[in-house]
Chemist: 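Here's a structure for you.
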Amino acid sequence: MPCCIVQPNRSPPTESKPMSMQEKYTPAEIERAAQAHWDLTAAARAVEDASRPKYYCLSMFPYPSGKLHMGHVRNYTIGDVLSRFHKMQGYNVLQPMGWDAFGMPAENAALANNVAPAGWTYSNIEYMKQQLKSLGFAIDWQRELATCTPEYYRWEQWLFTRLYEKGLLYKKLGTVNWDPVDHTVLANEQVIDGRGWRSGALVEKREIPMYYMKITAYAEELLAELDNLPGWPEQVRLMQKNWIGKSTGVRFAFPLAAEFAQSADEKLWVFTTRADTIMGVTFVAVAAEHPLATRAAENNPELAAFIAECKQGGVAEADLATMEKKGMPTGIFVSHPLTGEQVEVWVGNYVLMSYGDGAVMAVPAHDERDFAFAKKYDLPIKQVIAADGESFSLDGWQEWYGDKQKGACINSGKYDGLAYEAAVDAIAADLAAKGLGEKKVQFRLRDWGISRQRYWGCPIPIIHCPTCGDVPVPDEQLPVVLPEDVEITGAGSPLARMPEFYECQCPKCGGDAKRETDTMDTFFESSWYFLRYACPDNATAMVDERVAYWCKGGIDQYIGGIEHAILHLLYSRFFTKLMRDVGLIGDLGEPFANLLTQGMVVAPTFYREGDGEQNRGKKLWLNPADVDVVTDERGRPTGATLKADGQPVIIGGTEKMSKSKNNGVDPQSLIEQYGADTARLFMMFAAPPDQSLEWSDAGVEGAFRFLRRLWKLVHDHVQTGTTLNSEAAPRVNAEIEAKSLSTVQTDLRRKLHQTMQKVADDYGRRKQFNTAIAAVMELLNAYDKANNGTDLSDAAGRALAQELLEAVTLLLFPIVPHIGQALYSELKPGADAGLASFPKADPAALKQDEIELMVQVNGKLRGSIRVAAEADKASIEAAALASEGAVKFMEGKPAKKVVVVPGRLVNIVV
RNA sequence: GCCGAGAUGGCGGAAUCGGUAGACGCAGCGGAUUCAAAAUCCGCCGCCGAAAGGUGUGAGGGUUCGAGUCCCUCUCUCGGCACCA
């Protein structure tokens with residue numbers, strides 16, 4: 001690495017004019033030099049400093065899948081812009097990076113290419129790290145971590161044992177996708193149309209013992225704290241709120257009729273939010289896994305077959321919810337808790353064992369799903385709610401049937417006439433009096449199953465002893481190191497076939513025991529990595545006091561994909577509270593004070609219909625880089641052809657960049673062709689961060705053209721020589737009095753200072769970088785116009801040009817730091833843009849004497865007037881009424897009303 | 001199915017608190033420069049209309065002096081749904 005370059009963009013001394021600025025914009029050269037300079041000066045190193053406000057800017061760490069994709073480039077550019085901007089604002093900035101290194105793709109790669117997951121992962125990390133470096137991100141690489149290293153995962157094993165001892169981690173049966181051919185557990189992603197992705201076999205549900213985190217114990221706090229997150233997007237808070245799904249209802253029991261009960265007081269418990277409709281219950285539905293269903297099936301082969309059918313298919317909720325609703329009677333009857341009426345128990349494939357008690361009361365008249373089910377199986381429907389102006393009919397479902405805000409009870413005996421809340425209260429009280437139920441808060445949130453029957457993950461630190469049971473691995477035996485020399489076969493975990501891994505002694509009794517061979521969900525690693533960045537070098541503790549410095553008041557900015565809006569963010573919030581309760585960290589409150597959820601990177605797709613035996617009916621996806629789009633004379637696309645053969649291809653939709661649609665663009669080739677600054681500028685300019693970003697080759701070229709133009713403007717200014725490359729360059733307000741500026745110069749200077757204000761607001765408050773860039777482009781257009789005339793040729797003009805170009809360089813620096821570094825040192829020799837302060841608008845320059853107001857007649861734009869900035873309402877009205885457009889369109893009628901919106905417009909109503 | 005978001009010119013997008021719709025860029029068209037091309041520069045660019053003007057923010061309705069923005073109904077697209085990360 002070169003170490004002698006301090007001024008990155010100096011021409012080599014061999015040239016005839018050694019001090020002159022290079023005319024051509026050469027990104028490769030200036031980027032190499034700028035990065036070398038930052039490396040040399042440790043520009044991104046973050047050191048705790050209590051005397052300065054800190055700014056911890058965190059981007060979701062990548063999975064090392066092989067190479068960076070555009071989504072990464074976008075994510076990390078957003079983070080870098082915010083980091084650099086805040087550094088220029090005087091903050092002590094931390095921007096770390098690491099690797100979410102455990103996961104299925106490493107095992108898949110091992111299967112496909114016969115490479116070891118560990119080796120594959122580490123080489124991917126090495127390559128992707130170089131890619132990140134070539135993009136010029138101000139990352140403190142001394143804090144780099146990878147979750148697949150024992151130095152990292154030993155601490156989560158340690159935490160696991162603490163939580164296990166506290167009862168916050170426990171074992172119970174869980175349902176998984178089972179591939180009966182490959183004899184392996186499948187992830188939901190590996191189940192395609194109900195079949196295993198490799199074997200093609202019909203997937204079955206299977207119950208196995210798993211470890212669970214008691215996240216439900218924190219449901220109330222996780223929900224309540226959402227209100228303390230003003231820096232989060234509203235929709236993410238709402239999604240989490242709905243995910244936690246707190247509902248207040250009534251949990252009550254149907255006593256089993258004597259001939260079906262195994263004990264005298266056996267009951268079937270259900271939970272409902274609609275206790276007001278309890279008199280409309282005509283049957284009860286239980287999940288296929290419910291004990292009552294199992295019992296009923298013992299002597300009922302038909303029901304047993306139905307239950308077996310329910311166990312076909314995967315466990316993904318989306319599949320369960322879109323399934324055709326089916327059911328079968330059990331022949332078991334229970335008593336209605338209030339009427340004593342006999343109600344039959346059905347098995348329903350739509351009832352989830354994991355929610356509540358795995359059983360629901362069915363009120364077909366007032367629940368849409370029950371209504372459809374009752375119609376299908378010809379079960380009775382009993383109306384118990386009536387609403388004014390509505391009539392109930394069995395012919396079809398109407399929205400109001402299920403609306404708890406509408407109507408009151410009927411056909412419900414003593415509850416008749418009561419509205420929702422009063423009815424629920426009365427019914428709950430009566431159930432409680434009978435000892436058959438009570439009001440209950442129920443959460444949709446379920447405990448988090450963390451066991452995975454996979455190899456490439458963190459080993460669960462438990463030893464199974466035939467005499468002592470499950471024993472957590474003692475601290476001094478941690479970490480339980482994952483062996484890296486293994487054979488991946490695709491059938492179960494290799495750990496389960498490695499006696500050298502699982503054979504061990506019980507830490508309690510010393511007898512022969514078996515080590516747990518399941519690994520942890522990779523969400524476990526990503527739930528606390530942001531705390532470890534504060535102290536990645538600590539070999540004796542999971543976290544230390546540096547967490548308090550960097551994470552105080554929450555991480556200042558978290559940036560990542562919207563697809564993580566629920567699970568990852570919820571688990572991370574949960575971990576912060578767990579770690580607080582284990583005494584590891586003080587009460588940091590919420591981990592992420594501000595959250596920015598970036599949109600996806602999408603690109604057009606192209607395909608041809610396949611032919612021949614193999615491909616008939618299949619779409620053969622073509623990469624956009626290999627396709628020419630044909631347009632008409634107005635630029636509208638009319639079709640597309642393949643570059644290779646000139647023959648037409650079909651234009652598909654615009655979709656998320658993916659391998660399967662072959663519409664990905666490799667960031668590497670982009671960097672090589674145009675440089676990192678162009679890639680960064682395009683990504684920030686094409687769309688606001690939280691919206692999806694559409695890839696456009698032409699847009700990339702536009703970004704490159706802009707940087708080339710910026711380079712030339714600065715070059716021309718420097719070559720003109722007014723600044724003489726000296727520190728003594730004249731400044732407006734110092735050597736040059738602001739009032740000596742011409743009108744054109746004053747206007748341009750006002751625009752400059754308005755732009756400073758807007759860009760700072762866009763970076764800091766709005767986090768909308770496309771408009772910041774647009775504002776600078778607009779400013780440069782105005783500069784160009786003034787400069788191309790003779791408006792800037794006098795001394796004041798040169799001083800203004802100097803002020804403007806310096807400011808523009810710094811305004812853009814967070815987005816395009818390499819060219820910024822080079823240009824700034826040309827404008828101010830010896831100066832380092834990376835250490836400069838962000839430009840601050842001068843209030844005096846913002847002042848305006850005269851303003852333009854729009855004139856409307858009946859809300860339609862009819863002209864404009866110029867008035868003094870401090871003009872009063874009466875004189876504005878008078879000027880508006882006298883204006884040409886107003887006179888013409890008022891057609892002599894008197895004004896009924898005149899609305900004056902200060903600084904904006906006048907609306908005359910006639 | 002459930003939860004969440006979105007829809008504005010040929011395209012990406014702007015309009016920040018209900019106040020000039022289309023900033024900025026791309027594509028396109030016309031011109032200058034060039035032997036020519038590239039690059040660059042200048043101009044035009046929602047739709048209808050010769051113009052005056054009318055009309056226009058997914059569809060339909062509403063509130064308002066004024067609606068892309070607020071309310072209601074609907075359509076389509078995207079994200080998540082607990083073992084993809």
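So that the names make sense, note that chain A is the first sequence line, chain B the second, and so on, each numbered from 1.
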Chemist: Classify A/H564 by what it touches in the nucleic acid, base, sugar-phosphate, or nothing, heavy-atom distance under 4.0 Å.
Modeler: base
Chemist: What contact category does A/L238 fall into here, base, sugar-phosphate, or nothing, at under 4.0 angstrom with non-hydrogen atoms?
Modeler: sugar-phosphate
Chemist: Answer yes or no: is there an ion pair linking A/K893 with A/E891, defined by an N-O contact shorter than 4.0 Å?
Modeler: yes
Chemist: Regarding A/T771, tell me which of base, sugar-phosphate or nothing describes its non-hydrogen contacts under 4.0 Å with the strands shown.
Modeler: sugar-phosphate
Chemist: Which class fits the ring pair A/F102 and A/Y153: parallel under 30°, tilted 30 to 60°, perpendicular over 60°?
Modeler: tilted
Chemist: Hey, is B/rC17 sitting syn or anti, using the within-90° cutoff around 0?
Modeler: syn
Chemist: Report which part of the nucleic acid A/Y350 touches: base, sugar-phosphate, or nothing (heavy-atom distance under 4.0 Å, all strands).
Modeler: nothing
Chemist: Of the nucleotides B/rA14, B/rA82, B/rU16, which has the atom closest to the A/P688 side chain?
Modeler: B/rA14
Chemist: Could you give the CD-to-P distance, from A/E694 to B/rA14, as a whole number of Å?
Modeler: 14 Å
Chemist: When all nucleic acid strands are considered with a 4.0 Å heavy-atom cut-off, which category describes A/G449: base, sugar-phosphate, or nothing?
Modeler: sugar-phosphate
Chemist: Base, sugar-phosphate, or nothing for A/Y212, non-hydrogen atoms under 4.0 angstrom?
Modeler: nothing
Chemist: Among A/E234, A/Q240, A/Q235, which residue meets the side chain to side chain donor-acceptor pair (under 3.5 Å) test with A/R237?
Modeler: A/E234
Chemist: Look at the side-chain N and O atoms of A/N188 and state whether any lies under 4.0 Å from the OP1 or OP2 oxygen of B/rA82.
Modeler: yes
Chemist: Are the side chains of A/M60 and A/H564 in contact, using a 4.5 Å heavy-atom criterion?
Modeler: yes
Chemist: Mind checking A/M323 for me? I need base, sugar-phosphate or nothing, with any heavy atom below 4.0 Å counting as a touch.
Modeler: nothing
Chemist: Where does B/rG9 fall, syn or anti, if syn means a chi angle no more than 90° from 0?
Modeler: syn
Chemist: What's A/R708 touching, base or sugar-phosphate or nothing? Going by heavy atoms closer than 4.0 Å.
Modeler: sugar-phosphate
Chemist: Nearest of B/rG19, B/rC83, B/rA23 to any side-chain atom of A/V899?
Modeler: B/rG19
Chemist: Determine whether a donor-acceptor pair (one donor, one acceptor, N or O, separation below 3.5 Å) exists between the side chain of A/R904 and the base of B/rU20.
Modeler: no
Chemist: Of all the choices, B/rG53, B/rG13, B/rC83, which nucleotide is nearest to the side chain of A/N770 once you look at every atom?
Modeler: B/rG13
Chemist: Can the positive tip of A/K246 be found less than 6.0 Å from the middle of the six-membered ring of A/F443, inside 45° of the ring normal?
Modeler: no
Chemist: Base, sugar-phosphate alone, or nothing: which one does A/A775 contact when heavy atoms must sit under 4.0 Å apart?
Modeler: nothing
Chemist: NA contact type, A/E778, heavy-atom cut-off 4.0 Å: base, sugar-phosphate, or nothing?
Modeler: sugar-phosphate
Chemist: Which nucleotide in the list B/rG53, B/rC83, B/rC24 gets nearest to the side chain of A/R454?
Modeler: B/rC83
Chemist: Looking at A/N242 and B/rC3, is any side-chain donor or acceptor paired with a base atom of the opposite kind under 3.5 Å?
Modeler: no
